[in-house]
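Data block below; observations after.
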Amino acid sequence: MPDSDAILLGLNPAQRKAVEHIDGPLLIVAGPGSGKTRVITHRIAYLVQTTGLSPRRICAVTFTNRAAKEMRNRLERIMGPQAQQVTASTFHALCATILRRDGESIGIPSDYVIFDDGDQMDAIKRSMEAAELDPKRYPPRSLLSAVSSAKSQLMSPEAYLAHAKSYYDEVVQRVYVEYEALLRRSQGLDFDDLLAKTAKLFKEAPDVKAKYQDRFVHLMVDEFQDTNMAQYQLAKDIAGKFQNICVVGDPDQSIYSWRNADLRNILSFQKDYPTAQVVNLDQSYRSTKTILQAARTVIAVNTQRLEQELWTDNEQGEPIVMAEAYNEEDEAQEVLKEVDRLCRTEKYSLRDCVVAYRINAQSRALEEACLRYGIPYRLIGGVRFYQRREVKDALAYLRLLQDPYDEISLARVINEPPRGIGKKTWDDFTRWTKQQGIPMYAGFQVLAGDDEHGPSTDHPFGARQAQSMVDFLQLLNGLRTDAAEMDLPHLIDEVLSRSGYRAHMMESDDTDVEERLENLKELRGVTAPYADMPALEGLQAFLENSALVQDQDAIGEEEQQYLTLITLHQIKGLEFPVVFMVGMEEGLLPHTRSMDDPTQLEEERRLAYVGMTRAKDRLYLLRAFRRRVLGNTAPGAPSRFLNAVPLHLVSPGIGVKAKVRAEPVVYDRRKTTNVDIPVNVAPPFKAGDKVSHGSFGQGIIVSCNPAGGDFEVTVAFLGESGVKRLLHSFAKLDKVS
DNA sequence: GGTTTTCACGTTACG
DNA sequence: CGTGAAAACC
């Protein structure tokens with residue numbers, strides 16, 4: 001561990017102040033690229049060094065596991081092994097630990113299961129059935145978001161009703177009540193509960209609160225602009241005794257209000273903590289002067305912000321490139337051409353480049369272009385591993401083994417694979433157990449009867465239906481017995497085979513059976529670390545971990561060369577030498593759904609700001625003249641955010657067709673092509689030529705046709721690659737004699 | 001009760 | 001256009 005002077009070495013005056021300020025509340029407003037992670041970690045090291053405080057009495061909260069991991073790594077580098085004693089985790093993980101340990105005093109069972117957002121949606125739908133609400137009239141999605149919003153604001157159903165202003169609010173309240181009852185019956189906690197129940201625990205068990213208040217002498221919260229009210233309350237509670245609360249954030253990068261992040265938390269921090277010191281980290285070490293200036297003018301229009309004059313000592317850098325493509329395919333092609341040029345004629349490689357977009361659907365055109373031109377890419381996001389159907393199904397079985405009262409998991413697998421318990425039976429069963437006032441699991445037990453009297457007949461089900469359900473109960477019980485005597489990976493195998501799930505999947509003639517089996521294999525693979533503990537114990541640890549750590553397949557850790565495709569939301573916190581922002585059009589950025597509300601519009605602007613400030617050297621802002629939206633093509637106007645960028649920072653674009661700030665004009669498709677390669681050049685290949693390609697291997701030219709100043713080459717490759725259509729200027733095809 | 005067809009719908013996604 | 005979930009069909 002270096003001494004305190006060494007820790008301060010290399011910090012600018014503002015950073016220094018943020019590190020040195022020890023006692024009392026501290027607000028650090030950290031602009032993009034201002035080195036805030038560095039400041040937090042150095043602050044922790046400095047604290048330990050100068051005050052002699054034990055590292056285990058410091059708590060640093062982050063929003064993503066990625067950030068927590070990064071912080072732990074950095075701490076380890078500065079502090080050495082004692083860094084491990086610092087609590088660096090997410091609010092949710094912290095709360096899950098507190099609840100397992102101390103939750104019993106407010107009636108949280110220690111074997112609770114965590115409900116993710118998919119489970120929440122299922123639970124809302126079932127709650128709507130119970131409350132007799134028509135999903136057509138009230139979209140479950142909007143009810144879920146209302147309920148989640150209430151919960152994240154620590155409002156109970158009763159409190160919600162008290163504030164109800166409209167009939168819709170009453171509807172929400174009705175669902176909310178049912179939803180809470182369902183969760184309680186199921187012994188489930190959703191992500192909002194993890195926070196809210198912990199807040200409740202602190203409120204109702206002062207001794208527990210005191211325990212954590214005493215333990216954590218210092219609390220740090222990163223990305224404070226993204227906290228919701230529950231998290232704010234928790235931070236306030238934990239720091240309640242020593243008042244050493246240090247929050248770090250940037251209101252201009254708040255892009256998660258739709259997830260209940262409350263900008264007021266950071267904007268009014270000084271009001272809530274009048275003695276708070278404020279440090280402005282306004283020097284950017286990331287972007288060029290040009291990029292920073294452009295981003296600043298874009299964000300300056302917003303009103304909900306803390307004034308900040310970002311500056312940098314970096315070079316002026318290259319102008320920002322704005323360009324208009326004809327449509328989304330053309331846009332993708334332009335991006336790839338430029339990426340290719342940067343990689344070939346400048347110092348950049350594929351992994352230095354990123355393409356960012358507003359909505360996931362935009363990735364499609366980019367992916368297709370990458371495949372076509374043979375550019376390796378990596379798509380961040382999409383359907384996450386634990387969201388895939390087969391993985392969710394398997395987890396539901398596992399969860400039932402841990403918590404047989406989990407109704408959501410039960411509903412998921414009761415007839416998966418089909419075992420003769422269809423909708424009718426299930427509905428009847430639901431009604432019957434409700435009427436009897438017993439949990440569903442107990443319902444099965446009643447049907448099975450007891451050992452002495454054999455199967456019960458005191459129920460409204462036919463013999464075949466009852467038998468199906470008794471069989472299911474026996475399946476579960478059998479698996480629970482197994483769980484006692486085998487490890488987790490084997491238990492998963494056992495679940496998949498004894499339930500008939502795997503067999504049913506293999507019989508199906510779906511096209512993606514292979515892939516789904518592969519996913520199940522992978523699931524089994526991730527349980528390997530739990531193999532050396534008893535299955536039930538491992539199961540609980542695994543289920544908690546899989547809920548809490550939905551691993552963002554390790555962004556940036558790979559050495560391989562890939563072009564990164566990512567949404568503007570997910571790109572936050574990352575930086576790249578070269579950033580392409582595509583779809584800079586009205587309706588996309590800002591998105592249609594956000595255009596008529598000034599608050600939401602400000603958030604869209606922040607999204608643009610976040611995207612722009614990811615770039616270190618080069619920034620490209622692209623748009624398409626017309627774009628396919630929901631099936632049909634429509635022209636789109638240039639995004640209003642483009643207009644804010646000062647013209648002197650902009651270069652007139654990629655290739656000849658690029659227009660700065662073009663009015664929408666009638667665009668002639670034939671004129672939209674670049675002229676790097678004159679059209680009258682002789683074709684590079686003729687049909688029958690043998691060629692070789694770096695990744696596809698040997699192949700034979702099928703055809704070679706002029707396409708927009710370039711040549712589209714169709715090649716039949718040997719082996720698995722098959723027939724590919726490639727663009728001559730991209731694909732490095734060598735003629736083989 | 002299980003399978004096929006039709007229909008409606010469509011932003012962003014951390015834990 | 002592509003996808004998931006309800007409705008119609010076997």
Side-chain angles (χ1 to χ4, degrees), chain A residues 61-68 89-96 114-122 125 134-136 139-141 145 148 152 189-195 222-223 226-228 230-231 254-261 328 356-365 368 380-384 386-387 389 415-428 462 464-465 468 504 508-509 544-552 566-573 583 587-595 600 603-604 606-608 610-611 627-633:
Chain A
V61 184
T62 58
F63 267 73
T64 60
N65 288 301
R66 172 157 57 89
S89 86
T90 61
F91 267 116
H92 289 90
L94 185 66
C95 290
I114 297 175
F115 280 15
D116 70 13
D117 38 10
D119 304 320
Q120 277 184 291
M121 184 53 87
D122 291 351
K125 285 181 184 161
D134 180 8
K136 291 242 169 66
R141 237 164 232 306
S145 93
S148 173
S152 72
L189 296 183
D190 63 25
F191 286 118
D192 294 314
D193 281 330
L194 289 176
L195 307 172
D222 193 10
E223 304 285 12
D226 289 335
T227 45
N228 63 29
Q231 288 161 327
S254 161
I255 53 176
Y256 286 111
S257 71
W258 49 274
R259 224 171 57 190
N260 301 320
E328 70 266 31
Y357 38 83
R358 175 67 234 263
I359 64 171
N360 282 311
Q362 285 175 268
S363 72
R364 200 191 164 104
E368 278 172 5
I380 308 290
V383 184
R384 305 220 292 281
Y386 288 106
Q387 305 257 22
R389 198 170 76 224
N415 205 28
E416 190 64 53
R419 51 169 69 85
I421 309 173
K423 189 173 179 339
K424 175 101 178 21
T425 312
W426 174 245
D427 283 349
D428 289 347
R464 214 169 73 191
Q465 292 176 316
S468 299
H504 180 256
S508 106
D509 46 6
E544 179 164 309
N545 190 56
S546 65
L548 253 27
V549 186
Q550 305 243 338
D551 223 346
Q552 276 294 319
I566 196 170
T567 63
L568 284 167
H569 282 89
Q570 296 199 86
I571 204 174
K572 197 174 88 162
L588 217 42
L589 184 67
H591 193 271
T592 332
R593 302 228 170 170
S594 306
M595 289 208 297
Q600 288 187 55
E603 184 144 316
E604 297 286 311
R606 293 193 287 267
L607 208 44
V610 165
R627 183 178 297 274
R628 233 194 331 270
V629 184
L630 309 183
N632 38 11
T633 43

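First the proteins, then the strands, lettered A, B, ... as listed; each starts at 1. In what follows, every heavy atom counts, from backbone to side chain, and hydrogens, waters and symmetry copies are set aside.
- Rounded to a whole Å, the CE atom of A:Met121 is 14 Å from the P atom of B:dC9.
- Proximity of A:Tyr256 to A:Asn228: side-chain heavy atoms (C-beta onward) are nowhere separated by under 4.5 Å.
- Of the side-chain N and O atoms in A:Gln465, one or more sit less than 4.0 angstrom from OP1 or OP2 of B:dG1.
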Reading 5' to 3' through nucleotides 1-10 of chain C, protein heavy-atom contacts under 4.0 Å coded B for base, S for sugar-phosphate only, - for none: BS----S---
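- Within 4.0 Å (heavy atoms only), A:Thr592 reaches no atom of the nucleic acid at all.
- If you take CG of A:Asn415 and P of B:dT3, they are 10 Å apart, rounded to a whole angstrom.
- One atom, CG of A:Asp226, and another, P of B:dA13, lie 14 Å apart when rounded to the nearest Å.
- With sequence neighbours excluded, no residue forms a salt bridge (charged side-chain N to carboxylate O under 4.0 Å, His left out) with A:Arg593.
- In this structure, A:Tyr256 forms no aromatic stack with the base of B:dC14, since the conditions of centre separation below 5.5 Å and plane angle below 30° are not both met.
- With DNA chain B read from its 5' end, the first of the two nearest nucleotides for A:Gly422 and A:His569 is the one closest to A:Gly422.
- Residue A:Glu544 is out of contact with every strand shown, counting any heavy-atom pair closer than 4.0 Å.
- Comparing A:Lys423 and A:Ala547 by the nucleotide of DNA chain B whose heavy atom lies nearest to each, the residue mapping closer to the 5' end is A:Lys423.
- Per the geometry, CD1 belonging to A:Ile380 stands 16 Å off P belonging to B:dT12, to the nearest Å.
- Taking only side-chain nitrogens and oxygens, A:Asn360 comes nearer than 4.0 Å to OP1 or OP2 of B:dA13.
- In this structure a side-chain-to-backbone donor-acceptor pair under 3.5 Å is missing from A:Ser257 to A:Asn260.
- Considering only side-chain N and O atoms, A:Asn65 lies under 4.0 angstrom from the phosphate OP1 or OP2 of B:dG15.
- Evaluation of the ring pair (Phe, Tyr, Trp, His ring centres under 6.0 Å) rule for A:His591 yields no partner, not counting sequence neighbours.
- The distance from atom CD1 of A:Ile421 to atom P of B:dG2 is 9 Å, rounded to the nearest whole Å.
- In terms of the side-chain contact (heavy atoms from CB on, under 4.5 Å) criterion, residue partners of A:Gln387 (sequence neighbours excluded) are, by chain and number, A:Asp117, A:Val383, A:Arg384.
- Note: CZ (A:Phe63) to P (B:dC14) measures 13 Å, nearest angstrom.
- Judged as a ring pair (Phe, Tyr, Trp, His ring centres under 6.0 Å), and not counting sequence neighbours, A:Phe115 has no contacts.
- Between A:Arg364 and A:Glu328 there is no salt bridge, since none of the side-chain N atoms of the basic residue sits less than 4.0 Å from a carboxylate O of the acidic one.
- Using a 4.0 Å cut-off, some side-chain N or O of A:Thr425 falls inside it from OP1 or OP2 of B:dG1.
- Residues that satisfy the side-chain contact (heavy atoms from CB on, under 4.5 Å) test with A:Thr90, not counting sequence neighbours, are A:Thr62, A:Asn65, A:His92, A:Ala93.
- Spacing between atom CG of A:Asn545 and atom P of B:dG15 amounts to 11 Å, rounded to whole angstrom units.
- Atom CZ of A:Arg384 is separated from atom C1' of B:dT12 by 12 Å (rounded to the nearest Å).
- Residue contacts for A:Asp116: at a heavy-atom cut-off of 4.0 Å it reaches no nucleic acid atom on any strand shown.
- Regarding contacts with the backbone of B:dC14, a side-chain N or O of A:Gln570 is found under 4.0 angstrom from either OP1 or OP2.
- In this model, the phosphate group of B:dA13 is approached by a side-chain N or O of A:Thr567 to a distance below 4.0 Å at OP1 or OP2.
- The nucleotide whose nearest atom lies closest to any side-chain atom of A:His92 is, among B:dT3, B:dG15, B:dG1, B:dG15.
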